[in-house]
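Structure record follows, encoded as structure tokens.
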Amino acid sequence: MPDPTLLGLRTVVYRTPDLARGKEWYGSLLGVAPYFDQPFYVGFNVGGFELGLLPDDDGMAVTYWGVAKMSAAWPRLLELGATPVTAPQDVGDGILVASARDPFGNLIGLIENPHYPNTA
């Protein structure tokens with residue numbers, strides 16, 4: 001039985017050192033304009049999921065799993081052996097994000113988004 005703490009995949013964030021070029025390229029690829037467009041983040045809604053772009057060149061993509069309660073999901077992730085990378089933080093509008101590395105080195109993101117329908 002799946003863990004009810006995880007609600008499903010929600011967001012993938014790609015790093016792009018040239019945000020304007022990334023926005024143009026992904027807009028062309030996806031055939032949609034971003035719904036959120038700021039100098040610190042560009043977000044595209046793609047079939048109910050989000051592709052986010054960050055102005056960063058570390059090259060590490062992060063996939064975010066939706067959670068109902070960060071306060072429950074984050075400690076559980078760490079208890080299972082994940083190593084914290086970014087502690088839970090509010091990124092605006094009540095949205096919480098965090099990231100950790102699993103025991104195999106993969107980067108796992110968690111997102112609590114009160115604006116996303118939480119269906120398990």
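All figures in this text were calculated on a predicted structure; none of them were measured in a lab.
- Among all heavy-atom pairs drawn from A72 and P75, the shortest one is O-CD, 3.4 Å.
- Considering only residues two or more places apart in sequence or on other chains, Y14 meets the ring pair (Phe, Tyr, Trp, His ring centres under 6.0 Å) condition with Y26.
- Contact of the V97 side chain with the T86 side chain is not registered, since no non-hydrogen atoms from C-beta on lie closer than 4.5 Å.
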Walk me through whether R10 and N113 qualify under side-chain contact (heavy atoms from CB on, under 4.5 Å).
CA-CA 9 Å; R10 296 290 189 260; N113 184 344; over 6 Å; no
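- Using modelled atom types, one side-chain atom of R15 and one backbone atom of M60 make a donor-acceptor pair closer than 3.5 Å.
- Judged purely by atom type and a 3.5 angstrom limit, E112 uses its side chain to pair as donor or acceptor with the backbone of M70.
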Evaluate L19 against V42 for side-chain contact (heavy atoms from CB on, under 4.5 Å), listing each step before the verdict.
CA-CA 8 Å; L19 194 58; V42 173; 3.9 Å; yes
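- Evaluation of the salt bridge (charged side-chain N to carboxylate O under 4.0 Å, His left out) test over residues 39-52, restricted to residues two or more places apart or in two chains, returns none.
- A pairwise comparison of heavy atoms in P114 and G94 identifies CD-O, 3.3 Å as the closest pair.
- Scanning both residues, V67 and A73, for their nearest heavy atoms gives CG1-CB, 3.6 Å.
- Cluster membership check: I111 shares its hydrophobic cluster with Y35, using side-chain heavy-atom separations under 4.5 Å among Ile, Leu, Val, Met, Phe, Trp and Tyr.
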Please assess L9 against W65 for the test side-chain contact (heavy atoms from CB on, under 4.5 Å), listing each intermediate value before the final yes or no.
CA-CA 5 Å; L9 293 171; W65 289 85; 3.3 Å; yes
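- Judged purely by atom type and a 3.5 angstrom limit, D93 has no side-chain atom pairing as donor or acceptor with the backbone of I95.
- F49 and F36 are not part of a single hydrophobic cluster, where members link through side-chain heavy atoms under 4.5 Å apart.
- Side-chain contact between L53 and V13 is absent, with no heavy-atom pair separated by less than 4.5 Å.
- By the criterion of side-chain heavy atoms lying less than 4.5 angstrom apart, applied directly or through intervening Ile, Leu, Val, Met, Phe, Trp or Tyr residues, V85 is grouped together with V62 in one hydrophobic cluster.
- To the nearest 0.5 Å, the span separating CZ on F40 from CG on L54 amounts to 10.0 Å.
- No path of Ile, Leu, Val, Met, Phe, Trp and Tyr side chains, each step under 4.5 Å between heavy atoms, connects L78 with L107, placing them in separate hydrophobic clusters.
- Considering every non-hydrogen atom in both G22 and T16, the closest pair reads CA-OG1, 4.0 Å.
- Not counting sequence neighbours, the partners of D37 by the side-chain hydrogen bond (donor to acceptor under 3.5 Å, both in side chains) test are K23.
- Note on Y64: it does not cluster hydrophobically with V46, by side-chain heavy-atom contacts below 4.5 Å among ILVMFWY residues.
- Partners of T11 according to the side-chain hydrogen bond (donor to acceptor under 3.5 Å, both in side chains) rule, which considers only residues two or more places apart in sequence or in another chain, do not exist here.
- The shortest heavy-atom contact between P55 and P39 is CG-O, 3.5 Å.
- Put simply, the side chain of L110 reaches to within 4.5 Å of the side chain of L6, judged on heavy atoms.
- Residues meeting the side-chain hydrogen bond (donor to acceptor under 3.5 Å, both in side chains) test with T63, sequence neighbours left out: none.
- Under a cut-off of 6.0 angstrom, the local environment of CZ in R101 is crowded, with over 12 non-hydrogen atoms contributed by other residues, nucleotides or ligands.
- Heavy atoms from other residues, nucleotides or ligands lying under 6.0 Å from CD of Q38 number more than 12.
- The side-chain hydrogen bond (donor to acceptor under 3.5 Å, both in side chains) search around D18 returns none, not counting sequence neighbours.
- The shortest heavy-atom contact between P103 and L80 is CG-O, 4.4 Å.
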